[in-house]
Number of protein chains: 2
Amino acid sequence: MKSKTLSNIAFRRHDHRRCQQFLLAEADQHCHSLNLRLTSRRRQVLEILLGSHQPMGAYDILAELNRVDRAERIAPPIVYRALDFLLQQGLIHRIESRNAFISCVQPGHQCAAQFLICRDCEQVAELETHEQELLAEADSLGFAVDHSIIEITGVCAQCQKDG
Amino acid sequence: MKSKTLSNIAFRRHDHRRCQQFLLAEADQHCHSLNLRLTSRRRQVLEILLGSHQPMGAYDILAELNRVDRAERIAPPIVYRALDFLLQQGLIHRIESRNAFISCVQPGHQCAAQFLICRDCEQVAELETHEQELLAEADSLGFAVDHSIIEITGVCAQCQKDG
DNA sequence: TTCATAATGTTATATTATAACGTAACCAAA
DNA sequence: TTTGGTTACGTTATAATATAACATTATGAA
Ligand SMILES: [Zn+2]
Ligand SMILES: [Zn+2]
Ligand SMILES: [Zn+2]
Ligand SMILES: [Zn+2]
């Protein structure tokens, strides 16, 4: 079960330096192969998110940008645009219930991203299981499920006819 | 399959007047049996949400309150507090990806609430199936799934030990 | 070069949510 | 029926998140 090896990475000890470099290289390759530009801004935002397996708010990222580059005064739209690009490419995910963003631990995965979010320590683990396996996996991690949200967005039958 | 009859109510024709009255009566009974107060403000907010099976933003609800009661000028905290109460009682749900609130079509249900959200017409259908049945049900509704989010909040093993 | 496009930068503002503190309603015990 | 504790409500101000609108710069092909 390949996914298992990556699934709980946020809760495991691992060589995060390597993890980071691997994911960054994957991102480079992904964009290159699709002839998309992982510009320095976009890469910079991705690197910030790859700094940990924790979610960050857009304004946290903004603050980090402004901390590093003392000269410039970056404004919100710059961050949101980079985040939009990275989201579209599946390189990061948005945690809806937290208004936060997190680097994907398995870019290119097909399943819907699934997260275990600790309301206490705020850690987030990305799982890569099928839905029916989810609760079992949460249980096997000793994670006490509190509240789960499933949101499926798409186009309803009516709109498919209309559109 | 009891849930099936209610699940896609937003996409079905039904006698919504009765639906509304039924759900309001359920809410009354729920609160009464738990010795909780479904005050007039809370009831008023619930009634507004029961006006349709569509999600509404907190500020939409606020506007509706201020439209009805021309005299007073209601402020956001009043709405958010009523929403918090209704959420806690499971009488409404929060659609995280929309920052919106929707009346629950089956208060007292045990499963996690699950939604189909149309990005086109913005309709939201609440399902009441097990996870593994979800995609099949979406498919049977002719709903083209686009993006699904599963967010499980709880307490991780570490925090359970610490706390 | 020249043009078209994509990406970035800038300013202002919209949208969503909460902090902090005061008042009123409710209810049980004295 | 007062008293005091609690819960809910009201009010003001502000925090946190996100986008609109428009100007500028970089990129790459014709
Ligand atoms: Zn790592
Ligand atoms: Zn992922
Ligand atoms: Zn109805
Ligand atoms: Zn529900």
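Note on naming: letters A, B, ... go to the chains in the order of the sequence lines (proteins, then strands), and numbering restarts at 1 for each one. No hydrogens, no waters, no symmetry mates; every other heavy atom, side chains included, goes into these values.
- Side-chain nitrogen and oxygen atoms of A/Thr39 include none within less than 4.0 Å of the OP1 or OP2 phosphate oxygen of D/dA26.
- By the ring pair (Phe, Tyr, Trp, His ring centres under 6.0 Å) test, B/His16 is found to be paired with B/His14, B/His53, residues two or more places apart in sequence or in another chain being considered.
- At least one side-chain heavy atom of A/Asn99 sits less than 4.5 Å from a side-chain heavy atom of A/Arg94.
- Distances shown here put every side-chain N or O of A/Arg73 at or beyond 4.0 Å from the OP1 or OP2 atom of C/dG9.
- Side chains of A/Arg41 and A/Gln44: a donor on one and an acceptor on the other come within 3.5 Å.
- For the pair B/Gln89 CD and D/dA8 P, the computed distance is 10 Å after rounding to whole Å.
- Annotation for A/Ile117 and A/Ser97: closest pair CD1-OG, 3.8 Å, computed over non-hydrogen atoms.
- Heavy atoms from other residues, nucleotides or ligands lying under 6.0 Å from CD of A/Gln29 number 12 at most.
- Considering only side-chain N and O atoms, B/Asn99 lies nowhere under 4.0 angstrom from the phosphate OP1 or OP2 of C/dT15.
- Both A/Tyr80 and B/Ile78 sit near DNA chain D, but only B/Ile78 has its closest nucleotide nearer the 5' end.
- With the nearest nucleotide of DNA chain D identified for both A/Arg81 and A/Ala100, A/Ala100 has the one nearer the 5' end.
- If you find the closest nucleotide of DNA chain C to A/Pro76 and to A/Ala82, the one lying nearer the 5' end belongs to A/Ala82.
- Residue B/Arg37 places no side-chain N or O under 4.0 Å from the OP1 or OP2 atom of D/dA8.
- Rounding to whole angstrom units, CG of residue B/Asp84 and P of C/dT18 are separated by 7 Å.
- Protein atom CD of B/Glu72 is 11 Å distant from nucleotide atom C1' of D/dC9, rounded to whole Å.
- Between the P atom of D/dT6 and the CG atom of B/Asn35 lies a distance of 17 Å, rounded to the nearest Å.
- A heavy atom closer than 4.0 Å to some atom of DNA chain D occurs in no member of residues 55-63 of chain B.
- For the helix from C/dT1-D/dA30 to C/dA30-D/dT1, the terminal axes (five pairs an end, C1' atoms, rotation from four pairs onto the next four) enclose an angle of 20°, given to 10 degrees.
- Residue B/Ile74 contributes atom CD1, which lies 12 Å from atom P of D/dT12 at whole-angstrom precision.
- Rounded to a whole Å, the CZ atom of A/Arg98 is 16 Å from the P atom of D/dA16.
- Atom CD in A/Gln88 sits roughly 13 Å away from atom P in C/dA6 (whole-Å rounding).
- Listed pair A/Arg94 / D/dA18 meets the phosphate criterion, a side-chain N or O lying under 4.0 Å from OP1 or OP2.
- In this structure, B/Gln44 atom CD and D/dA8 atom P are separated by 17 Å, rounded to whole Å.
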